[in-house]
Each structure stands twice: as structure tokens, then as C-alpha cells.
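Report on one structure; see the data block that follows.
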2 protein chains.
Amino acid sequence: MSLAPAHGDEGSAPVFDVQIPAGYRDWRLIAVAHEEGNLNDLRAVLGNDIAIKAFREGKLPFPDGAIIARLAWKYVPSEENNRVFGRQQSFVTGDATNVQFMVKDSAKYASTGGWGYAQFNDGKPVDAVALSGCYACHVPVKARDFVFTRYAP
Amino acid sequence: MSLAPAHGDEGSAPVFDVQIPAGYRDWRLIAVAHEEGNLNDLRAVLGNDIAIKAFREGKLPFPDGAIIARLAWKYVPSEENNRVFGRQQSFVTGDATNVQFMVKDSAKYASTGGWGYAQFNDGKPVDAVALSGCYACHVPVKARDFVFTRYAP
């Protein structure tokens, strides 16, 4: 989430080795959100079939193989829409910012709650140090298996 | 879009007869948006296979059979997320508000640009008068076959 790493010790950063999952842009929608501040984005959270099934069944923890994708785009006012509404009220997706993934593998990622984390900027993975804070920030939602997003019905 | 009908004459309201398409919640994502003002929502725009293909190929007009779904949820601050970020910045999806559809059938809906419009509140369709302004509001984007939403890459 672009927060500071939880550890200053570079050597302690877990190596997640998560690749971009094929076809993730076709996955089904979990929910959407808006982040202000430095992020200033509109985001969609998508899930592969295993993740979607678990969300819909309210099943925790997520089974191995579940993958959650967070896509984000710049938060841009739409003058075109605002003209129709007659006021400033519409914000739409601009350029993509980055894509993040959480991959459930309870054995491989046991030291980080069973989830591997990844972020890709223009298709390039960020390094392990940049990901070293992911797990710590997700700990507050440990009761939901470290997943912030709730399914939007 | 919850705007005033373009016509005061109830008899002139087109009857669209659009039903809720089966499985629309599983459709692929076109884009997301945020509307302030009275709507105050976060929204996701999904498309059936015909619509998604046309969006990705930049093909206009949309072929018959294309359906675009607009889901919307209340725009709700997330105190849970804000605690992690350390400031007020996160907005997530609350309760669903309503669902809208645009269905392309160039013959059946010839008088409204080839699109039929529908809105369902808690699964119940709104009446023809409530939909009579849809077409007029979409005319400004006639050059994009009356579709406001642009595909988010």
C-alpha cells in the first residue's frame, strides 16, 4: 500500500516471488474503493475463481490458490459527465497506477500469514524491500485472514 | 442517472422492457467511478462478453446483444483502513443502491439510439417515466454510441 516498510533490515524482507497471474483482468469483481491522499486513486479488487467462491461463501481462511488482485487508476474528474449532471460530482478512472496481488499459499508464505504479496508498476515487479511492509499492515485484519476488502453484493 | 425526465408527457416515455440479465454480477469489469452529490456512491461498470469485446477492440457502435451493467454502492469511509493509513483517506463500498442496465438492440430501441435502459431498486424495476430521461442525458456522448464509461486498462 506504499507505506513505509515495517523493518529497516533489508535482509529480513521476505521474498515472495509472485508473478502476474494470467488473465487477471478478466477476473470477477470483489469490490471497489477510493483512496485519497498520496494514492489519489480509484481501485477495483478482483478475485480468481477460488477467491470469489470463498468471498461469496464467507469462508475463512481463504484456501490455497486464492488470488486477490488490486487494480488502481488515477482519480480524475470527468468534465464530460459533470456537464451532464450540471455540477462537479463525477470522478472516473484515469491512467493505471499499479497492480497488486495477494496469493494464498499457506506453506510457502507461512511467515506472512499464508499470503504472498506483489506489486507491479508498468508490469515490472517492485523489489522485496518495497513489499516488506505489506504483511505488517495487513495484520490488523488478521481475523478476516489478512484481507481488508469486503465483498460488495 | 436519477436526473429529471426530459419529457413531462408521461405518454411519451418509451417502454424498454429490460429484465435483469442472468449472472451479471459475474461479468467482467469495464471501469469504476465515484459520484458525489445526491448519488454519493462508488460504482462499477461491468459488461457482458459482447460489450467487453467491443470495448477492448474500440469497436463502435456496440453490436446488438451488448449489455452494460452499472452497479453502485453507498460511499462509506473505512475507519478500519484509515487506522492503518494513519489518516482519513479510504472510502469503500457500503450497501448497494441500485443497478442500471443498457441493452443494445438497434431495432427494438431505435428511437433511443439503439439502447434500452433499466434501473432496479432492490430488484424491482423503476417505471417508464423514471427512465424517460436516460436517453436524453446520454445524447452528449452519441459519438461513443451513447456510452459514457471508457474502458479502464
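Everything quoted here is computed from the prediction, not taken from an experiment. Scope of the values below: all heavy atoms of this structure, side chains included, with no hydrogens, waters or symmetry mates. All chains are named by letter (A, B, ...) in the order of the sequence lines, taking the proteins before the strands, and each is independently numbered beginning at 1.
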Next on the checklist: Determine whether B:T149 and A:T93 satisfy the following criterion, side chain to side chain contact (heavy atoms under 4.5 Å, CB included), listing intermediate values before the conclusion.
Outcome noted: CA-CA 9 Å; B:T149 302; A:T93 48; over 6 Å; no

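- For residues 44-55 of chain B, a heavy-atom distance under 4.5 Å to chain A picks out B:A44, B:L46, given by residue number.
- To the nearest 0.5 Å, the span separating CZ on A:F85 from CD on B:E36 amounts to 11.5 Å.
- One hydrophobic cluster holds both A:Y117 and A:Y24 under the rule that ILVMFWY side chains link at heavy-atom gaps under 4.5 Å.
- Note: the hydrophobic cluster containing B:V126 also contains B:Y135 (ILVMFWY, side chain heavy atoms under 4.5 Å, direct or indirect links).
- With a threshold of 4.5 angstrom between heavy atoms, B:R87 approaches chain A through side-chain atoms but not through N, CA, C or O.
- The distance from the CD atom of B:E35 to the CZ atom of A:F91 is 9.0 Å, given to the nearest 0.5 Å.
- Tracing side-chain contacts under 4.5 Å through hydrophobic residues (I, L, V, M, F, W, Y), one reaches B:M102 starting from B:I30; they form part of the same cluster.
- B:L71 and A:W27 fall within a single hydrophobic cluster, where Ile, Leu, Val, Met, Phe, Trp and Tyr are joined by side-chain heavy atoms under 4.5 Å apart, directly or via other members.
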Next on the checklist: Under the criterion side chain to side chain contact (heavy atoms under 4.5 Å, CB included), I'd like the reasoning laid out for B:F148 against A:V92: C-alpha separation, chi angles, the key distance, then a yes or no.
Outcome noted: CA-CA 10 Å; B:F148 281 97; A:V92 299; over 6 Å; no

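- The nearest pair of heavy atoms linking A:A96 to B:P153 is CB-O, 4.2 Å.
- Using a 4.5 Å cut-off between heavy atoms, A:V76 does not touch chain B at all.
- Here the straight-line distance linking atom CG of B:L42 with atom CZ of A:R43 works out to 11.5 Å at 0.5 Å rounding.
- Annotation: maximal heavy-atom pairing with chain B below 4.5 Å, among A:A152, A:S78, A:S90, A:P140, occurs at A:A152.
- Per-residue heavy-atom pair counts under 4.5 Å with chain A were compared for B:N38, B:V141, B:V139, and the maximum is reached by B:N38.
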Next on the checklist: Would A:N40 and B:Q89 count as a side chain to side chain contact (heavy atoms under 4.5 Å, CB included) here? Give the steps.
Outcome noted: CA-CA 9 Å; A:N40 193 34; B:Q89 75 162 52; over 6 Å; no

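- A:E80 is linked by a salt bridge (Lys or Arg N to Asp or Glu O under 4.0 Å) to B:R144, B:R150, counting only residues two or more places apart in sequence or in another chain.
- A continuous path of Ile, Leu, Val, Met, Phe, Trp and Tyr side chains, each step under 4.5 Å between heavy atoms, connects B:V147 with A:W73, placing both in one hydrophobic cluster.
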